[in-house]
Amino acid sequence: QVQLVESGGGLVQPGGSLRLSCAVSAITFSIYDMAWYRQAPGKQREWVASITSGGRTDYAYSSEEGRCTISRDNAENTVYLQMNSLKPEDTAVYYCNANLRRLLGEPAGPGYWGQGTQVTVSS
């Protein structure tokens, strides 16, 4: 079983920055594709950014303003999400996901999720 633990969230003012971290327990972390999602109150969970096992990154439209950067450190079994110029609409619980769907296809299932870390952007 793969376990993920998110950290780095908190309360920041508009325009501030945060770096979220996701520590993954999997011994084979390097083969997993990783992603960040977020869920705001009353809304469905939405995809924010992804990074493959090879380091290729993709971003959702909401992240294409250049405010977010996803990265990974395979030696530390950790994926990061750097967020700058935060806005109140960025307020949400941010979740980390690890999956092998690209490698194994649909039998791999939805992957693994952490418990999330709260990000609140408010004055």
Can you tell me which residue pairs pass the salt bridge (charged side-chain N to carboxylate O under 4.0 Å, His left out) test with a partner in residues 103-120, sequence neighbours excluded?
-> none

Under the side chain to side chain contact (heavy atoms under 4.5 Å, CB included) rule, what do E46 and R38 come out as? Steps first, then yes or no, please.
-> CA-CA 5 Å; E46 64 177 354; R38 69 184 183 185; 2.6 Å; yes

Does anything in residues 5-16 pair up under side chain to side chain donor-acceptor pair (under 3.5 Å), and if so which pairs, sequence neighbours excluded?
-> none

Residues in side-chain contact (heavy atoms from CB on, under 4.5 Å) contact with S17, at least two apart in sequence or another chain | Q82, N84

Counterpart residues, salt bridge (charged side-chain N to carboxylate O under 4.0 Å, His left out), relative to R101 (two or more places apart) = none

Test side-chain contact (heavy atoms from CB on, under 4.5 Å) applied to E76 - qualifying residues, sequence neighbours left out | D73, T78

Counting only heavy atoms not in Q44, do more than 12 sit closer than 6.0 Å to its CD atom?
-> no

Apply the test side chain to side chain contact (heavy atoms under 4.5 Å, CB included) to residues V79 and I51: give CA-CA distance (whole Å), side-chain angles for both, the deciding distance (0.1 Å), then the verdict.
-> CA-CA 9 Å; V79 62; I51 183 167; 4.0 Å; yes

For T28, the side-chain contact (heavy atoms from CB on, under 4.5 Å) test, sequence neighbours excluded, returns I31, Y32

More than 12 heavy atoms of other groups within 6.0 Å of Q39 CD = yes

With sequence neighbours excluded, tell me which residues meet side-chain hydrogen bond (donor to acceptor under 3.5 Å, both in side chains) with S50.
-> W47

So the ring pair (Phe, Tyr, Trp, His ring centres under 6.0 Å) pairs with at least one residue in residues 88-112 (sequence neighbours excluded) are none

Check: D90 side chain, V119 main-chain N or O, donor-acceptor pair, under 3.5 Å = no

Which residue pairs satisfy the ring pair (Phe, Tyr, Trp, His ring centres under 6.0 Å) criterion with at least one member in residues 4-24, sequence neighbours excluded?
-> none

State which residues pass side-chain contact (heavy atoms from CB on, under 4.5 Å) with T52; sequence neighbours excluded, sorted by chain then number.
-> D33, R56, R102

Side chain to side chain donor-acceptor pair (under 3.5 Å): which pairs involve residues 113-123, sequence neighbours left out?
-> Q118-T120

